[in-house]
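All remarks here apply to the structure that follows.
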Amino acid sequence: GAVVSQHPSWVICKSGTSVKIECRSLDFQATTMFWYRQFPKQSLMLMATSNEGSKATYEQGVEKDKFLINHASLTLSTLTVTSAHPEDSSFYICSARVPGGWGTEAFFGQGTRLTVV
Amino acid sequence: SQKIEQNSEALNIQEGKTATLTCNYTNYSPAYLQWYRQDPGRGPVFLLLIRENEKEKRKERLKVTFDTTLKQSLFHITASQPADSATYLCALVWDFGNEKLTFGTGTRLTIIP
């Protein structure tokens with residue numbers, strides 16, 4: 001199957017700093033990628049839809065100025081958590097579908113564990 | 001708003017038995033429904049997809065059913081093995097024009113040797 005790679009796998013940062021998470025589709029081009037957040041023992045919550053070459057679409061309640069998404073190429077989307085605070089500590093996961101893959105599986109990255117201290 | 005419930009937060013099954021997980025949703029039926037497996041600290045991995053006009057799908061030891069009248073999907077693992085222990089998530093796509101996945105709360109399955 002297709003591979004989606006996320007980097008880093010884990011990161012610890014100080015409160016007030018910014019952190020960038022990368023999501024790459026390794027063997028296919030993804031015009032759309034999705035970013036999720038997962039708190040312990042909870043399910044995945046969609047944060048935003050990342051569209052190549054255009055602005056991301058954010059879910060209700062997600063601050064777009066805090067969670068900056070850039071989808072500059074067909075294989076890379078980045079999520080930057082700006083001015084991170086301890087409450088932003090979570091597991092962030094991206095996903096993508098193979099083009100033309102409507103109604104098919106989503107491929108997920110391995111996730112990034114963010115801890116803000 | 002749409003709600004998805006997986007009614008068992010945790011489920012313990014004896015090795016060799018069939019594990020059955022439930023996913024219930026409210027309001028209108030989704031375009032299709034998927035089941036994913038998630039191991040601790042990892043992203044979900046796709047298992048099966050079933051469309052609104054399908055009743056049942058199988059893949060090796062896995063079987064998914066979809067009952068739009070009951071607004072329910074059942075996920076079965078037959079001849080369960082300790083390696084099947086993981087969290088299982090159902091995910092729904094509500095309409096054909098929007099492929100966002102909405103995930104259920106998940107069921108943590110433990111297969112006891």
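Naming: A, B, ... by sequence-line order, numbering from 1 per chain. These numbers were taken from a predicted model, which means no experiment stands behind them.
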Residue B:Gln38 versus chain A: region with a heavy atom under 4.5 Å: side chain

The interface call for A:Ile93 against chain B, heavy-atom contacts under 4.5 Å, is side chain

Let me confirm one number: the CG-OG1 distance from A:Leu46 to B:Thr102, rounded to the nearest 0.5 Å. 7.5 Å

Heavy atoms from other residues, nucleotides or ligands near NZ of A:Lys66 exceed 12 (cutoff 6.0 Å): yes

Close contacts, residues 104-113 of chain B versus chain A, judged by heavy atoms under 4.5 Å: B:Gly104, B:Thr105

Can you see which heavy atom on B:Arg42 is nearest to which on A:Phe91, and at what distance? O-CE2, 3.6 Å

Can you tell which of A:Glu59, A:Gln42, A:Lys41, A:Gln6 has the highest number of heavy-atom pairs within less than 4.5 Å of chain B? A:Glu59

Counting only heavy atoms closer than 4.5 Å, note whether A:Tyr36 contacts chain B via side chain, backbone, both or neither. side chain

Please give me the minimum heavy-atom distance between A:Ser43 and B:Phe103, naming the atom from each residue. OG-CB, 3.2 Å

Okay, B:Leu48 and chain A: the region with an atom under 4.5 Å from a heavy atom over there is neither

Side chain, backbone, both or neither: which part of A:Gln38 has an atom under 4.5 Å from a heavy atom of chain B? side chain

Pairwise side-chain contact, A:Thr57 with B:Lys100, heavy-atom cut-off 4.5 Å (strictly under): no

